[in-house]
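For reference, positions follow the sequence shown, starting with 1.
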Amino acid sequence: MKKLQLASLTLAALLLAGCGASAPSTAESAPEAVSTVETAPAATEAPAPAAALPDGVYTAKFNTDSSMFHANEAVDGMGTLTVENGTMTFHVSLQSQKIVNLYPGMAADAPAHESDWLQPTVDTVTYSDGTSDEVYGFDIPVAAVDTDFQLAILGTKGTWYDHTVSISDAEPAAEDAAAAAVETPADGSYTCAVTLEGGSGRATVESPAALTVADGVMTATIVWSSPNYDYMLIDGEKYLPVNTDGNSTFEIPVAALDTALAVTADTVAMSTPHEIDYTLTFDSATLAAAE
């Protein structure tokens, strides 16, 4: 009997010891959690649009994503890009009068922005066989050349469609190229009549003036009717006389012929120095090789 009691007590002690043992913690027993959230790649800034071209008139190619929407065949896929004060506008003659409006943006936004619809012009195009036709043309604002942008079109059936277009291969127009040739003569030495305006009207400059062209840059020699000019300012740059005796003489840059060049000349003829604003205009019709 005593042996039976002793065995029962031993069994009870073993059971109590088993129940009191600490179970491994969840944190210790569970495998480490692995994050399933993907880290988004760092955003990269879109490249800035190309700067506007210098002011002037260019021919350029009109690129579209549709064979149904393109420049008229008579203009060989080209149009006229005009840049004025850094703002670019592209004029293109289309293939017919079936596209009645354009919208610079997405088709879904066009109905709510009717004031921004581009209105057509009536252009006359002449084909290679000598026949002519009247088609619609449009003046399209352009933020940057060689860059895709959205342009929605509205047809005669009243439905807007999205298109992606771009303007590329801009080249100075023939008339601008000819004008540039006049503005910048070939390297050499010339004389050119110059007209002075501004001030009190009492000062004059010698005309014709000597004009030198080197590496496409024009420099004029300006001889004043007074020895009292001690410097000239042109586009914020100061120019000093190139002589010490006689009337004040300066060598100054000339950006273009037949265009008024704004200059400021400082005179010490008065009790205190005075800066006086003038313009100088060089007449290309009088340009002649120096003897």
message: For the CG atom of Leu81 and the NE2 atom of His91, what is their distance to the nearest 0.5 Å?
response: 12.5 Å
message: Strictly distance-based, threshold 3.5 Å: is any side-chain N or O of Asn72 a donor or acceptor partner for the main-chain N or O of Ala74?
response: yes
query: Which pairs pass ring pair (Phe, Tyr, Trp, His ring centres under 6.0 Å) with one or both residues in residues 118-160, sequence neighbours excluded?
result: Trp117-Trp160
- line: d(Asn243 CG, Asp245 CG) to nearest 0.5 Å is 7.5 Å
query: Less than 4.5 Å apart, any side-chain heavy atom of Ile252 and any of Leu261?
result: yes
message: Once ring pair (Phe, Tyr, Trp, His ring centres under 6.0 Å) is applied, what residue pairs with a partner in residues 189-214 remain, sequence neighbours excluded?
response: none
- prompt: Among Thr147, Asn63, Thr64, which residue meets the side-chain hydrogen bond (donor to acceptor under 3.5 Å, both in side chains) test with Ser166?
  reply: Asn63
field: Partner of Leu257 under side-chain contact (heavy atoms from CB on, under 4.5 Å), chosen from Thr286, Leu211, Thr184, Asp283
entry: Leu211
- prompt: Is the number of heavy atoms from other residues, nucleotides or ligands within 6.0 Å of CD (Glu84) greater than 12?
  reply: no
- prompt: Taking all atoms of both residues into account, what is the closest heavy-atom pair of Asn101 and Pro120, and its distance?
  reply: ND2-CD, 4.3 Å
Within one Ile-Leu-Val-Met-Phe-Trp-Tyr cluster: Leu280 and Tyr278, side-chain cutoff 4.5 Å: yes
- prompt: Are Gln95 and His70 close enough that some pair of their side-chain heavy atoms sits under 4.5 Å apart?
  reply: yes
Non-hydrogen atoms of Asp146 and Asp169 that approach each other most closely: OD1-N, 3.9 Å
message: For Val268, is there any backbone N or O sitting under 3.5 Å from a side-chain donor or acceptor partner on Asn228?
response: no
task: Could you tell me whether the side chain of Thr126 and the main chain of Ser132 form a donor-acceptor pair under 3.5 Å?
output: no
task: Provide the closest heavy-atom pair for Pro227 versus Gly246 in the form atom of the first, atom of the second, distance.
output: CB-O, 3.4 Å
query: Do Val165 and Met78 sit in the same hydrophobic cluster, where Ile, Leu, Val, Met, Phe, Trp and Tyr count as joined when their side-chain heavy atoms come under 4.5 Å apart?
result: no
field: Short side-chain to backbone donor-acceptor contact, Asp266 and Tyr231, under 3.5 Å
entry: no
task: Over all heavy atoms of both residues, which pair between Val254 and Ala220 is shortest? Give the atoms and the distance, please.
output: CG2-CB, 3.6 Å
message: Minimum heavy-atom separation for His113 and Asp109, please, with both atom names.
response: ND1-O, 2.7 Å
query: Ile153 and Val122: same hydrophobic cluster, using ILVMFWY side-chain contacts below 4.5 Å?
result: yes
task: Enter the distance from Tyr229:OH to Ile222:CD1 here, rounded to the nearest 0.5 Å.
output: 12.0 Å
field: Spatial distance of atom CD1 (Ile167) from atom CD1 (Ile140) [nearest 0.5 Å]
entry: 6.0 Å
- request: Taking all heavy atoms of Val194 and all of Ala209, pick out the closest pair and write down the distance.
  value: CG1-CB, 3.9 Å
query: Got a donor-acceptor contact below 3.5 angstrom from the Ser207 side chain to the Ala193 backbone?
result: no
message: Counting C-beta onward and ignoring hydrogens, is there a side-chain heavy-atom pair between Met218 and Pro185 closer than 4.5 Å?
response: yes
message: Could you check whether Thr89 and Asp139, counting side-chain N and O atoms only, form a donor-acceptor pair closer than 3.5 Å?
response: no
message: Would you say that Tyr161 contacts Met68 through its side chain, given a criterion of any heavy-atom pair below 4.5 Å between the two side chains?
response: no
Member of Asp123, Thr124, Asp133 meeting the side-chain hydrogen bond (donor to acceptor under 3.5 Å, both in side chains) criterion with Ser93: Asp123
- prompt: Taking C-beta and beyond as the side chain, do Thr249 and Pro241 meet within less than 4.5 Å on heavy atoms?
  reply: no
message: Please report the interatomic distance OG1(Thr279) to CG(Leu196), rounded to the nearest 0.5 Å.
response: 7.0 Å
- prompt: Given side chains that start at C-beta, do those of Thr164 and Gln150 come closer than 4.5 Å, heavy atoms only?
  reply: yes
field: 4.5 Å side-chain heavy-atom contact, Val217 and Pro253
entry: no
task: To the nearest 0.5 Å, tell me how far Asp258 CG sits from Cys192 SG.
output: 7.5 Å
query: Is the count of non-hydrogen atoms from other residues, nucleotides or ligands lying under 6.0 Å from Tyr239 atom OH greater than 12?
result: yes
Test ring-ring contact (aromatic ring centres under 6.0 Å, His included) applied to Phe62 - qualifying residues, sequence neighbours left out: Phe69, Phe90
- prompt: Do Thr131 and Asp129 have side-chain N/O donor and acceptor atoms under 3.5 Å apart?
  reply: yes
task: Report yes if the side chains of Pro141 and Leu118 come closer than 4.5 Å at any heavy-atom pair, otherwise no.
output: yes
